[in-house]
Amino acid sequence: MVSFLNAASIAAVLTASATLRFRLWKQPRTLIFYFLFFLLAESLLHRYFLPEMAMGIEVAYVCFSLAGILAMVSIGLRRHEINVGSDE
């Protein structure tokens, strides 16, 4: 259970950072693909290469927090771009 939460949290933070970097909020299918790809990769990594409890639940807390912060920044950036675009 902890390994799945860690994999999901790392996938969430990687997807949120890709969203911010490449402005992927316009392409929801790409976001879903990114998340599923990262989730699969992290799950395989945890299952075959990392020992059980190599990373504690604290990693999930930190990564979900970072993903939330990056999501809020992405929403703010999108709103800013819309406001700047309407002013011109």
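- In this structure, the separation between CG on Leu31 and NZ on Lys26 is 12.5 Å, given to the nearest 0.5 Å.
- Although no hydrogens or angles enter the test, the distance criterion places no donor-acceptor pair under 3.5 Å between the side chain of Asn6 and the main chain of Val59.
- Leu44 and Leu14 fall within a single hydrophobic cluster, where Ile, Leu, Val, Met, Phe, Trp and Tyr are joined by side-chain heavy atoms under 4.5 Å apart, directly or via other members.
- At a threshold of 4.5 Å between side-chain heavy atoms, the hydrophobic network of Ile, Leu, Val, Met, Phe, Trp and Tyr places Leu66 and Leu39 in two separate groups.
- Using a 30° and 60° split on the angle between ring planes, Phe37 and Phe33 fall in the parallel class, below 30°.
- Note on Phe64 and Met72: separate hydrophobic clusters, where clusters join Ile, Leu, Val, Met, Phe, Trp and Tyr whose side-chain heavy atoms are under 4.5 Å apart, directly or indirectly.
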For Phe38 and Ile10: C-alpha separation, side-chain torsions, deciding distance, then whether side-chain contact (heavy atoms from CB on, under 4.5 Å) applies. CA-CA 8 Å; Phe38 290 135; Ile10 292 170; over 6 Å; no

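- Atoms CZ and OG, from Phe4 and Ser9 in turn, are 10.0 Å apart once rounded to the nearest 0.5 Å.
- Here the CG-CG distance, from Leu70 to Leu77, works out to 11.5 Å after rounding to the nearest 0.5 Å.
- Considering all non-hydrogen atoms of both residues, Phe35 and Ala8 come closest at CE1-O, 3.8 Å.
- When all heavy atoms of Ala67 and Ala16 are compared, the pair lying nearest together is O-CB, 3.9 Å.
- The hydrophobic clustering, which links ILVMFWY residues whose side-chain heavy atoms are closer than 4.5 Å, places Val73 and Val62 together.
- Atom SG of residue Cys63 and atom CD of residue Glu58 lie 11.5 Å apart, to the nearest 0.5 angstrom.
- Expressed to the nearest 0.5 Å, how far CE of Met55 lies from CD of Glu42 amounts to 6.5 Å.
- Taken to the nearest 0.5 Å, the OH atom of Tyr34 stands 9.0 Å off from the OG1 atom of Thr19.
- Counting heavy atoms from C-beta outward, Glu81 and Arg23 have side chains that approach closer than 4.5 Å.
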